[in-house]
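Okay, so here's the structure we're looking at.
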Amino acid sequence: MSKWQEEKAERNRQATARLARSLPAIFPSAVLARALNRSFIPPTPRLAIDSYWRAHPFRADRLARGLATRSGAPAGWTWRLGDGRESGLPLTFRTPPAPYRERAYALGPGFCCVCGQPVYRFGWHIDLWGTGANKNANWHSACVIAWQFWNAPSSEAPFLRRLQARRCGQTGKRLWKRAEVDHRVPLFRVWSEHREASWPRLLAYWGLPNLQVINRDVHAAKCAIEARDRRAASFRYV
Ligand SMILES: [Zn+2]
C-alpha cells in the first residue's frame, strides 16, 4: 500500500468512527449507504446528507419542487424583478422565482427559503426524529443543491449527458465533447409569455423538465433564432 493509500485509509477510519459517534439511531438508510461507500467518508451526518444530495441533483430538483407545491405561493405574490438587496427580489428573469426568499414573504427561522417548508435536523425535509423544525436553518440540504442546479445547470452537464444516453436533445445525434446545456423553453420566453403561471409550477422551467444537452452548433443556431424572435417581439432585455 502506498503512503497516500495508507493516509486515506487512516482518514477514512477516523471519519467512520466520528460519523458512528454522531449518528442518531434513526438516519436515512440511502444516505448512510452512500456515505460509507464514498472514497472519502463524510465525518458528520450533516456532511453525509449534503454529499447525498450533491450526488443526486435531479432528485433534489424534484424534491424541492414537490415541497414547494405543498407550500404554494403566498397570497398576493406575483413574480417580479427588483433590486435584489433590500427586497430580496431577483435582479433578472434568469433567477428562479422564489417568493420565500423575498423579504415581504419570508417565513423566518426554521423554514426553507426556497420551498417554504419546515427544515428539520441536519437540513432534512422530514422530521424523522420528532424534534420539530430546526430554528437555526432556513435551507433544506436538498434545496441548496436544487437552487444551485437551477441557477447553474451547466455544472450538472455530465449527469444530463448520461440521462440522454449521450445523444443531442435536439437532433438525436451523438453528443460532442463540447455540447452545451440549454433551456428548451428559453428563460426570456418564460418571463415574457409564462409569467402568470402559478408558482411553483414555474420552477419546472429551471428544472430537469426544461433542460437538455445539445451540440454546440445546434445551440448556436437555436440561440440565433431565439434572438431574432426576441427582437421581433421588441422585448426589453433585462
Ligand atoms: Zn426547501
Side-chain angles (χ1 to χ4, degrees), residues 24 26-32 34-35 42 44-82 84 87-153 155-156 159-160 183 187 190 197-211:
I26 303 167
F27 197 69
S29 57
V31 175
L32 185 59
R34 186 191 140 76
T44 67
R46 177 69 212 221
L47 290 174
I49 284 177
D50 290 349
S51 134
Y52 173 80
W53 290 118
R54 217 172 300 126
H56 298 107
F58 302 157
R59 233 174 265 180
D61 162 35
R62 207 169 46 227
L63 175 65
R65 286 186 286 116
L67 292 169
T69 303
R70 264 187 233 168
S71 308
W77 178 86
T78 53
W79 182 18
R80 288 184 304 138
L81 303 179
S87 60
L89 288 171
L91 293 169
T92 99
F93 58 77
R94 303 203 164 274
T95 306
Y100 300 107
R101 282 170 63 83
E102 294 175 16
R103 202 178 179 156
Y105 300 103
L107 296 167
F111 287 90
C112 177
C113 63
V114 174
C115 69
Q117 288 292 295
V119 185
Y120 300 106
R121 210 172 164 191
F122 309 125
W124 200 243
H125 52 287
I126 303 167
D127 191 6
L128 295 175
W129 307 274
T131 47
N134 176 357
K135 296 287 181 201
N136 296 317
N138 52 4
W139 288 81
H140 288 119
S141 186
C143 290
V144 171
I145 299 299
W147 187 253
Q148 287 169 357
F149 176 50
W150 298 339
N151 282 285
S155 58
E156 304 299 354
F159 282 101
L160 289 162
H183 291 95
L187 296 178
V190 177
S198 63
W199 189 89
R201 256 187 53 214
L202 268 173
L203 290 177
Y205 289 109
W206 280 262
L208 189 59
N210 194 35
L211 292 171

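Because only heavy atoms are used, hydrogens play no part in the values below, and waters and symmetry mates are left out as well, while side chains stay in. Order of listing sets the numbers, starting from 1, for every ligand and every atom in it.
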Fill in: D127 (side chain) donor-acceptor with T131 (main chain) under 3.5 angstrom
yes
Discussion item. Whether the side chain of W129 engages the backbone of I26 through a donor-acceptor N/O pair (distance < 3.5 Å, no angle test) should be reported.
Written reply: yes
Practice prompt. Verify the ring-centre separation between W199 and Y100: is it less than 6.0 angstrom?
Written response: yes
Discussion item. What do you get for the angle at the Zn ion (ligand 1) between SG on C143 and SG on C112, to the nearest 10 degrees?
Written reply: 110°
Discussion item. I'd like the atom name of the N/O/S atom in H140 lying closest to the Zn ion (ligand 1).
Written reply: ND1
Worksheet item: Do you see an N/O/S atom of H125, backbone or side chain, under 2.8 Å from the Zn ion (ligand 1)?
Response: no
Worksheet item: Do N138 side-chain atoms and P109 backbone N/O form a donor-acceptor pair below 3.5 Å?
Response: no
